[in-house]
Amino acid sequence: MKRTSYVEIVINNKSSHTNTTYTYGVPDGLADQISIGTRVMVPFGKGNRLIEGYVVDDNIDLAAPTFKIKYIQKILDEENLISKKLIELCKWMREEYLCTYIDAVQCVIPTGISYKSDRKIRLRDDYDSMQQMNTKLSDKQNAVVEVLRSYKHITESSLKQMLSFDPSSTIRSLENKNMVILEDHFKKEVNGLTEKIIRISENLNTFEVMGKLKKNAVKQRQILNYLQENGATQWSELRKNLGVSANLIDSLREKGFIDIEIIEKKRDIFGKEEILKDKIFELTDEQNQIIQEVIPFMINLQYQPFLIHGVTGSGKTEVYMQLIGKVVEQSKEAIVLVPEIALTPQMIERFRSRFGNQIAVLHSKLSLGERYDEWNRIKRGEVKIAIGARSAVFAPFDNLGIIIVDEEHEHTYKSEQNPKYHAVEVAEFRCKQHNAVLILGSATPSLESYYKTEKGLYKRLVMETRYNQNKLPDIHIIDMRAELLNGNKSVFSESLHREILKNLEMGEQTILFLNRRGYSTFISCRSCGYVAKCPHCEISLTYHKNNHFLSCHYCGYKQNPPETCPKCGSKYIKYFGTGTEKIEKMTVELFPNARIARLDLDTTSRKGSMEKIIREIKQGKVDILIGTQMIAKGLDFPNVTLVGVIAADMNLNLPEFRAAERTFQLITQVAGRAGRGQRLGRVIVQTYEPEHFAIQASQNHDFVSFYHQEMAMRESFSYPPFSRLVNIMITGEEEADVIKIANEYATELKYELKGIDLSVQDVIFGPGPAALARINQKYRWQIIIKSKAIDQKVIRGIINTIRSDILKKNNVNNVNISIDINPFNML
DNA sequence: AGCACGCCGACT
DNA sequence: GTCGGCGTGCTC
């Protein structure tokens with residue numbers, strides 16, 4: 001006799017209490033269609049309501065179940081939604097990042113395909129006769145019945161919208177009285193785009209049919225005639241040309257005159273724009289060497305990470321493309337990650353012109369439907385290459401040959417939402433699974449990656465020469481303290497001013513970089529010291545002159561600037577600090593004949609505005625471009641010969657251990673925008689701390705010297721890569737609750753870690769208020785664990801257990817505990 | 001997250 | 001008695 005088989009299922013709801021797997025029975029008829037990665041509907045909870053679930057283990061041995069077995073009700077997709085390897089990845093992420101199962105699963109499927117329950121409700125047909133026996137109803141019940149009287153069917157969610165109270169308990173009481181009927185109904189946000197194709201039924205004698213049709217059936221005749229003449233026709237076309245309604249089509253089908261076929265359509269994310277054929281460049285010796293170094297690993301199907309340390313403009317992209325070419329030749333697949341797709345339109349363009357429609361593009365600017373289509377093209381094997389931002393690392397390929405991470409040091413690869421994964425770590429895991437090659441590329445590698453090359457975990461490949469033997473730009477460091485002593489109070493040093501003038505004369509372009517948008521960074525009262533702060537956050541407000549308002553860059557809050565001090569009533573409100581908007585205004589005043597553009601979040605919020613500005617720069621319609629870090633990455637303007645860094649030390653003194661690294665990276669990246677064409681570029685770096693090693697090293701383009709100095713600092717303070725950090729953030733609107741939970745958590749942590757004798761090498765900081773103590777109405781307390789233990793698993797286990805214990809014990813809905821493993825942002 | 005169950009006060 | 005509000009505990 002056949003034995004029932006059992007599977008483990010993850011339930012799709014967000015509760016931390018259901019962050020586990022549940023054992024379900026597989027009905028005999030479905031056994032061969034259900035395996036790891038299948039998406040199913042299962043009855044769940046006391047009411048046995050249907051809910052979506054994902055099979056994560058199969059062939060479970062259940063000798064003597066201690067609970068009542070329920071059975072899978074339905075399979076949701078024709079093909080397994082998730083591959084076995086990606087389910088493995090989800091399990092790894094859950095342990096690595098301490099996230100829930102379902103958060104991990106959501107990463108590997110497209111957004112919007114989940115089925116959410118939205119039941120339909122209607123009154124019983126014999127409601128009125130029943131009602132006479134059951135006379136009295138409460139006000140709420142009456143309100144619900146009123147609505148149901150005017151609508152035959154209504155979904156739970158629309159009912160909720162129409163009432164001023166939450167009707168769920170009322171619906172339940174009416175159901176218990178047998179007065180309403182509930183029908184299961186599920187909806188999802190995204191569906192494949194479809195089109196109906198209409199054709200005359202096979203073997204239909206049109207002539208005969210026409211005779212049988214009634215005289216007044218004019219429209220029906222028209223349709224049949226049209227189909228007779230034109231053959232199978234799309235419904236949209238038929239409707240447009242004949243102006244016919246859907247009812248008519250339905251009745252013709254019921255009579256058996258026509259057939260309707262539904263085909264899937266793809267949303268076209270590129271429109272009709274032409275793809276120019278890319279020319280394949282002659283490789284330099286350096287590029288060739290690198291490719292020859294990597295290829296053997298691809299051929300031998302051997303997992304190996306590489307770090308390509310290549311100066312800006314050394315032609316890394318060409319290396320990527322050639323390697324991908326090889327992978328595709330082997331009929332394997334490739335993933336390319338870029339920091340932020342909107343900032344790298346030029347790179348996407350190059351990939352498209354080289355590989356054409358073999359590419360799928362995944363990024364956040366696409367609509368849900370477009371993303372769904374691109375995901376499906378990958379899943380079905382219609383494309384071989386996926387290019388995109390962080391989340392593209394989950395592209396559902398089965399046969400990966402290579403993952404490339406461009407600008408691997410970028411912080412955008414670290415997710416700030418749950419699960420707080422790092423795309424490079426995920427890429428490592430996937431490459432190991434597939435015996436694939438991992439390529440990390442950067443001009444300024446992260447310390448962690450470079451450290452791994454020193455340790456032999458990654459192979460290091462170096463590219464030192466720029467294209468056409470272009471030299472790296474000359475970098476001049478200007479001591480702004482000296483400028484001040486010489487009586488120059490302007491934000492432009494004398495030499496920057498002079499060089500800009502020179503560039504204007506020569507007709508060459510200039511970029512001015514300041515990593516802060518807005519006009520003034522804070523406003524303050526001179527008589528009492530009041531500073532305008534966001535009412536929801538512990539942040540000072542930035543003044544935006546163009547729109548004349550103060551705005552909070554953390555929560556988006558906006559208000560008008562006060563005329564007088566709200567605290568003491570004085571008129572002496574002063575505006576301090578400088579943002580890109582102010583730099584723009586000063587540039588206009590200083591260089592009245594120059595054509596000036598600004599590129600930051602404020603000028604690029606509208607769709608297409610960024611592309612427009614970039615086009616104008618390329619066409620030489622802009623002399624001076626002012627921008628935030630948006631301009632630092634990937635942009636290639638050959639006529640830019642001068643870059644001015646207005647305030648290089650702006651982020652140097654943030655309370656963050658990566659501050660120096662970020663500063664070095666940013667200066668180097670921005671400097672790389674200069675001199676990409678024939679002429680030598682110049683960079684002027686203004687700073688109040690010219691002696692800082694991060695700034696000194698950037699002057700000589702000397703990553704290695706920066707690396708050694710920074711590593712010495714990291715080692716003496718035991719910062720990564722010499723330790724591993726965990727940031728536990730406790731947030732909530734009630735400060736007292738937040739503090740209470742934070743204290744409880746820290747006490748437990750200290751006790752437990754001591755218990756396993758890790759206290760010697762592990763240090764717990766806090767609990768205490770975070771550097772940004774309040775954001776969006778929420779108080780923020782944190783605990784930081786700095787650990788040198790080689791095996792982090794025990795520590796993570798403890799962190800996780802304590803969290804679930806605390807959540808269970810306190811039953812807190814108003815306090816959130818968020819755990820960030822290897823955090824990038826600890827403010 | 002849902003949902004049931006149990007307890008309690010308010011209201012017929 | 002019955003409704004509904006709220007806290008508690010469970011979900012294969």
Side-chain angles (χ1 to χ4, degrees), chain A residues 4-27 30 34 36 38-74 99-106 114-121 131 133-145 155-157 159-160 163-180 182-188 418 737 804-817:
Chain A
T4 316
S5 64
Y6 300 98
V7 294
E8 291 295 312
I9 284 181
V10 169
I11 294 301
N12 186 3
N13 73 14
K14 275 191 228 145
S15 166
S16 60
H17 303 294
T18 52
N19 179 22
T20 175
T21 63
Y22 293 89
T23 313
Y24 277 87
V26 178
L30 299 180
I34 290 177
I36 292 176
T38 312
R39 185 164 67 136
V40 293
M41 280 291 186
V42 289
F44 188 68
K46 289 193 182 132
N48 277 330
R49 280 186 70 170
L50 289 180
I51 191 164
E52 193 183 88
Y54 299 84
V55 177
V56 295
D57 271 308
D58 55 4
N59 295 320
I60 297 300
D61 200 17
L62 253 193
T66 55
F67 46 82
K68 200 179 133 247
I69 291 287
K70 292 183 187 177
Y71 285 83
I72 289 176
Q73 221 251 347
K74 191 179 160 194
C99 63
T100 61
Y101 261 121
I102 199 65
D103 276 342
V105 169
Q106 297 289 356
S114 290
Y115 286 90
K116 302 269 156 65
S117 167
D118 193 11
R119 288 182 300 190
K120 283 185 178 165
I121 308 160
Q131 225 258 325
M133 312 192 296
N134 250 317
T135 39
K136 291 256 167 56
L137 287 182
S138 72
D139 292 352
K140 291 195 175 184
Q141 289 168 335
N142 269 321
V144 170
V145 168
T155 60
E156 220 169 350
S157 62
L159 182 64
K160 200 175 247 171
L163 297 165
S164 53
F165 58 93
D166 181 354
S168 42
S169 60
T170 315
I171 293 170
R172 224 169 295 132
S173 62
L174 288 170
E175 193 196 8
N176 289 337
K177 289 182 170 213
N178 225 347
M179 295 172 125
V180 298
L182 295 176
E183 270 169 51
D184 269 323
H185 176 239
F186 294 90
K187 63 176 182 190
K188 50 179 182 168
N418 284 330
D737 292 345
S804 26
D805 285 353
I806 287 181
L807 287 176
K808 214 177 274 173
K809 196 166 70 192
N810 290 281
N811 194 22
V812 275
N813 303 316
N814 57 342
V815 177
N816 184 272
I817 303 176

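Order of the sequence lines sets the chain letters (A, B, ...), proteins ahead of strands, with each chain counted from 1.
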Atom pairs, protein N/O to nucleotides 4-8 of chain B N/O, distance under 3.5 Å:
{"from": "B:dA4", "atom 1": "OP2", "to": "A:Arg172", "atom 2": "NE", "distance (Å)": "3.1"}

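- Straight-line distance from the CD1 atom of A:Ile11 to the C1' atom of C:dC10: 13 Å, rounded to whole Å.
- Atom CZ in A:Phe67 sits about 10 Å away from atom P in C:dT11, given to the nearest Å.
- Rounded to an integer number of Å, the gap from CD of A:Glu156 to C1' of B:dG2 is 10 Å.
- The distance between atom CG of A:Leu50 and atom C1' of B:dG2, rounded to the nearest whole Å, is 13 Å.
- Contact detail for A:Ser114 and A:Tyr54: the closest heavy-atom pair is OG-OH, 3.7 Å.
- Distance CG (A:Asp103) to P (B:dA1): 11 Å, rounded to an integer number of Å.
- With rounding to whole Å, A:Ile171 atom CD1 is found 16 Å from C:dC3 atom P.
- Between A:Gln106 atom CD and B:dA1 atom P there is a gap of 14 Å when expressed in whole angstrom units.
- Note on A:Phe44: a base of the nucleic acid sits closer than 4.0 angstrom, heavy atoms only.
- Counting to the nearest Å, the P atom of B:dG2 and the CD1 atom of A:Ile51 are 7 Å from each other.
- Applying the side chain to side chain donor-acceptor pair (under 3.5 Å) criterion to A:Lys160, with sequence neighbours excluded, gives no partner residue.
- Donor-acceptor pairing under 3.5 Å is lacking for the side chains of A:Ser16 and A:Asn19.
- Contact of the A:Asp184 side chain with the A:Arg119 side chain is registered, since non-hydrogen atoms from C-beta on lie closer than 4.5 Å.
- Of the inter-residue distances, the one linking A:Glu8 atom CD with A:Asp58 atom CG reads 10.5 Å to the nearest 0.5 angstrom.
- Between the side chain of A:Asp118 and the backbone N or O of A:Thr155, no donor-acceptor pair lies under 3.5 Å.
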